[in-house]
Visitor: 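Before I ask anything, here is the structure I am working with.
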Amino acid sequence: MLRTHTCGELRVNNTSLEVTLCGWVQRSREMGGLTFIDLRDRYGITQLVFNMEKNPALCAEAGKLGREYVIKAKGKVAERSNKNPKMPTGDIEINVEELTVLNTSKVPPFTIEDNTDGGEELRMKYRYLDLRRQTNKKNLELRHKLSIETRNYLNSQDFIDIETPYLIKSTPEGARDFVVPSRMNPGQFYALPQSPQTFKQLLMVAGFDRYFQIVRCFRDEDLRADRQPEFTQIDCEMSFVTQEDILNTFEGLAKHLFKSVLNMEMADFPRMAYDEAMRLYGCDKPDLRFGMTFTGITLLMKGKGFKVADDAEFIAGIKVDGCAEYSRKQLDELTDYVKRPQVGASGMMYIRYAADGSMKSSVDKFYSADDLAAILKQFGAVPGDLVLILAGAEEKTQKALSELRLELGRRLGLMKTGEFKPLWVTDFPLLEWDEETKRFYAKHHPFTSPKPEDIPLLDTDPAKVRANAYDLVINGTEIGGGSIRIHNKDLQRRMFEVLGFTEEDAVNQFGFLMNAFEYGAPPHGGIAFGFDRWSTIFGGGESIRDFIAFPKNNSGRDVMIDSPSAIKEEQFKELSIKLNL
RNA sequence: GGACUGGUAGUUCAGUUGGUUAGAAUGCCGCCCUGUCACGGCGGAGGUCGCGAGUUCGAGCCUCGUCCAGUCCGCCA
C-alpha cells in the first residue's frame with residue numbers, strides 16, 4: 001500500500017506517529033508562511049500543514065497543488081493548537097515532510113462538496129466526480145449495507161442465491177421488453193427479463209424451496225424519479241407456504257433491515273385489504289404517516305338541488321384538523337391544485353367549521369345549516385376544522401382526493417423523513433378490465449392465484465375475483481409485492497382463458513412453465529422488492545438516481561457514456577437488421 | 001402520446017415596460033497574508049443569453065418552431 005492510514009482514522013492519540021496518507025486535494029488555504037491542505041479519501045478528510053519557516057521548498061510546492069490533485073504525503077501526526085470541533089479528525093493535523101504528486105487534475109466543472117454548485121445534468125455527465133461527494137458516497141454505502149444484510153437474513157433462513165439468465169424470451173404481457181438481436185439466429189431476438197418470474201417458479205418445481213437473488217431487471221417504459229429502465233430487485237420465492245408464511249418471513253426481513261441498517265425496532269406491520277385502502281385513502285399504497293382518511297357522504301349531499309352533487313356518482317371528503325382559518329387564497333390554491341389536469345377534479349367544496357362554532361361553506365346556497373351540521377357530524381369534525389369535498393365519477397374522484405390528501409400532508413409537514421410507516425396491502429383484485437382492448441389483464445401477473453373461495457366468480461364476475469396477492473408499502477411507496485402462484489395446470493389454463501389467451505398463445509409463450517407444472521409443481525409463492533426504492537426510502541432521498549452509481553436520465557440516456565448510440569453498418573449486417581427510421 | 005417548469009460567465013442564478021457597455025455570488029488566475037478550516041484583503045480574466053426563424057428602428061425579454069433537462073399524467077402484469 002502507498003499509504004499507512006486513511007484520511008478518516010487518525011486521532012489525537014496517534015500524535016507523533018509517522019504516517020503516509022493518500023488522497024485528493026479538497027481545498028488549500030494559504031496564509032503566506034503557512035499552507036493548509038484538506039486531504040480527502042473515501043474515509044474522511046485530514047488536514048496537512050506546510051510551514052514556510054521549516055521547509056520553504058516543500059511549502060512552495062504545496063502552494064502549487066490544485067483542487068482534486070492526487071497526492072501522497074508523509075509526515076508526523078501533531079495535535080492542533082487550533083482544533084476544529086466540526087471535523088472527526090479536527091484535533092490533529094499532519095506536519096508534512098515529503099510530498100508526492102501522484103496525479104494532477106483539471107479544475108473540476110463543479111465543486112466536490114456536500115452543497116455542490118453543480119446542477120443535476122452536469123453532475124450526471126461527470127458522475128465519477130459527483131460520486132466523490134460525501135452525500136453520494138453515503139448513499140452507496142447504505143445500499144451496500146442493505147444488500148449485505150438482506151443476504152445475511154435470507155441466508156440465515158435457508159434461502160439460496162441462484163442466478164437466472166438475462167437473455168430470455170420476449171412476452172407481450174406486461175411492460176415492453178428490451179430486446180437483443182441474435183447474430184447466430186438471424187431474425188430472432190432475446191428479451192431482457194422484466195423480472196426472473198418464470199425462472200424462480202421453475203426453481204420451485206426443481207425443488208429449491210427457498211430461492212433469492214438480488215437481480216437486475218429491465219423494463220422499456222417511460223421513466224420517473226423513482227423508475228429506471230434497469231433496476232434491481234430482491235427477488236424471492238418459497239415452496240410449501242401460505243400467504244401468511246410469506247408475509248411473516250418477509251416482514252422478518254424488513255424488520256431485520258430496519259434494525260441492522262437504521263437501528264430501528266419496528267412493531268408488527270399493520271395489514272389492510274385493497275378495498276379498505278381504496279375506501280379510506282383512494283389509493284392502493286397509502287402513506288400512513290398521517291391520517292386524513294376519506295369520509296363518504298354521497299347520500300348526505302344528494303337531493304338538495306346542487307347539480308354537481310346530484311349528478312355525482314361518488315362524493316367524499318377529508319377533514320383537515322385545525323385549518324378552519326384557511327384563507328380564501330389558500331383554498332383557491334388547493335382548488336387549483338385539484339383542477340390540474342394531472343389530478344383531474346373539476347372543483348372543490350369546502351366547509352369551514354370556525355372555532356366559534358359557525359359554519360361557512362362554498363355551497364351555502366344549496367345546503368341549510370342543518371345539512372352542513374349533519375355533514376360535519378359524519379366527518380367527526382370539531383370547531384376549528386376544515387372539511388374539503390370532491391364529487392364526481394368514483395375512481396377519478398378517489399384518485400383526486402388521494403392527491404389532495406397528499407398535498408395537504410406535504411403542506412402541513414406531516415410527511416416527516418426519518419419516520420417509517422410500513423403496511424401490507426392484501427387481497428388485490430386478480431384482474432383489471434381494459435376499456436381499449438375490451439379484455440381483462442392480470443393486475444399482478446398471469447400466474448397469480450385467485451383466492452380459492454373466489455374461483456367460481458371467474459365464470460360469473462371476473463372483476464370481483466380477489467387474488468392471493470400482497471404489496472409492502474412504506475410511507476406511500478410500493479416497496480415490494482408478490483403473490484401465491486397457481487401451481488395447478490387446469491387452473492392456470494382457466495386463467496389464460498379468462499385473459500383471452502388462445503391455447504396456442506399460452507403454449508407458445510409459457511409452454512415451458514405449463515410443461516413443468518405437469519411434473520409435480522409444489523404450492524409456492526413469492527415476493528420481489530424494489531431494491532433501489534428501498535435504499536432511497538431508508539436514505540431519506542427523493543430520487544432513486546441518487547442511490548444508483550451510474551443511473552440514466554428520464555429519457556433513458558446515460559449522459560456520461562452517451563448511450564444509447566448508433567452502431568456501425570457492419571454490425572447491422574452481421575445481425576441481419578435493416579433500419580427503418 | 002400529453003401537461004407544466006427551466007435553458008444567460010466554468011458553476012448556481014438575477015436581469016424591471018423591448019432601449020446605451022448583460023450583472024451578482026461562487027469557482028478560476030495573479031499579488032499580499034504564520035493558525036486557517038465556507039480563511040481574509042487587493043486586482044484580473046471569463047458571455048454564440050440552447051438553436052433556428054419571425055415581429056420591431058431596436059430582442060436575453062414578444063411570437064412560432066426545434067433541441068436538451070426536470071416533474072407529473074398516460075404507461076410501468
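Each chain gets a letter, A, B and so on, in the order the sequences are listed, and its residues count up from 1.
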Visitor: Please report the distance separating the C1' of B:rU8 from the corresponding atom of B:rA69, rounded so that it comes out in whole Å.
Guide: 16 Å
Visitor: Starting at CD of A:E121 and ending at P of B:rU5, how long is that distance when rounded to a whole Å?
Guide: 19 Å
Visitor: So if I take every side-chain heavy atom of A:V107 and compare against B:rC28, B:rG1, B:rA69, which nucleotide ends up nearest?
Guide: B:rC28
Visitor: Roughly how far apart, to the nearest Å, are B:rC29 and B:rA45 at atom C1'?
Guide: 7 Å
Visitor: Under 4.0 Å between any heavy atoms, over every strand shown, what does A:T171 touch: base, sugar-phosphate, or nothing? Just pick one.
Guide: nothing
Visitor: For B:rA69, which nucleotide is its Watson-Crick or G-U wobble mate, given both distances must be under 3.5 Å?
Guide: B:rU5
Visitor: Side chains of A:S483 and A:R485: any donor to acceptor distance under 3.5 Å?
Guide: yes
Visitor: Check whether any side-chain nitrogen or oxygen of A:S555 sits under 4.0 Å from OP1 or OP2 of B:rA69, and answer yes or no.
Guide: yes
Visitor: Mind checking who B:rC37 pairs with, Watson-Crick or G-U wobble, both distances under 3.5 Å?
Guide: none
Visitor: Tell me: CG of A:D546 to P of B:rU71, nearest whole Å?
Guide: 10 Å
Visitor: Measure from OH on A:Y337 to C1' on B:rA3 and round the result to the nearest Å.
Guide: 14 Å
Visitor: Let's see if you can work this out: which of B:rC68, B:rG27, B:rC76 has an atom nearest to the side-chain heavy atoms of A:R67?
Guide: B:rG27
Visitor: Could you give the CG-to-P distance, from A:D114 to B:rU26, as a whole number of Å?
Guide: 19 Å
Visitor: Is any side-chain N of the basic residue among A:E432 and A:K443 closer than 4.0 Å to the acidic one's carboxylate O?
Guide: yes
Visitor: Mind calculating the distance between NZ (A:K64) and P (B:rC31) to the nearest angstrom?
Guide: 11 Å
Visitor: Partner of B:rC62 by Watson-Crick or G-U wobble geometry, both contacts under 3.5 Å, or none?
Guide: B:rG54
Visitor: What's the closest nucleotide to the side chain of A:Q342 if the choices are B:rA3, B:rG74, B:rG70?
Guide: B:rA3
Visitor: Scan A:R545 against the nucleic acid and name what it touches under 4.0 Å (heavy atoms): base, sugar-phosphate only, or nothing.
Guide: sugar-phosphate
Visitor: Can A:E407 and A:R411 be counted as an ion pair, charged N to O under 4.0 angstrom?
Guide: yes
Visitor: State plainly whether the residues A:E230 and A:R219 are in salt-bridge range, i.e. N to O under 4.0 Å.
Guide: no
Visitor: Quantified in whole Å, what is the P atom distance between nucleotide B:rG65 and nucleotide B:rG46?
Guide: 38 Å
Visitor: With sugar-phosphate meaning primed atoms plus P, OP1 and OP2, does A:L122 contact a base, only sugar-phosphate, or nothing at under 4.0 Å between heavy atoms?
Guide: sugar-phosphate
Visitor: Find the distance A:E403:CD to B:rC72:P and express it as a whole number of Å.
Guide: 11 Å
Visitor: Inspect the contact between A:D130 and A:R127 and indicate whether a charged nitrogen and a carboxylate oxygen are less than 4.0 angstrom apart.
Guide: yes
Visitor: Can you check the distance between B:rU55 and B:rC61, where both ends of the measurement are the C1' atom (answer in whole Å)?
Guide: 14 Å
Visitor: Base, sugar-phosphate alone, or nothing: which one does A:P446 contact when heavy atoms must sit under 4.0 Å apart?
Guide: base
Visitor: Taking atom C1' in both B:rA9 and B:rA22, what distance in whole Å separates the two?
Guide: 10 Å
Visitor: For every nucleotide of nucleotides 35-49 of chain B, 5' to 3': is a protein heavy atom under 4.0 Å from its base (B), only from its sugar-phosphate (S), or from neither (-)?
Guide: BBBSB----------
Visitor: Reckon A:E53 touches a base, only the sugar-phosphate, or nothing at all at heavy-atom distances under 4.0 Å?
Guide: base
Visitor: Could you tell me how far apart A:M124 (CE) and B:rU11 (P) are, to the nearest whole angstrom?
Guide: 17 Å
Visitor: Taking the six-membered ring for Trp, are the ring centroids of A:F510 and A:F496 within less than 6.0 Å of each other?
Guide: yes
Visitor: Rounded to the Å, how far apart are A:N554 CG and B:rC4 C1'?
Guide: 13 Å
Visitor: Just by modelled atom types, is the A:I561 backbone N or O under 3.5 Å from a matching donor or acceptor in the A:D558 side chain?
Guide: yes
Visitor: Between A:K464 and A:D454, is the closest basic N to carboxylate O distance under 4.0 Å?
Guide: no
Visitor: On a whole-Å scale, what distance lies between the P atoms belonging to B:rG50 and B:rU16?
Guide: 14 Å
Visitor: When you check the phosphate oxygens OP1 and OP2 of B:rC73, does a side-chain N or O of A:R224 lie under 4.0 Å from one of them?
Guide: yes
Visitor: Find out whether the Lys NZ or Arg CZ of A:R439 is both under 6.0 angstrom from the six-membered ring centre of A:Y441 and within 45° of the ring's axis.
Guide: yes
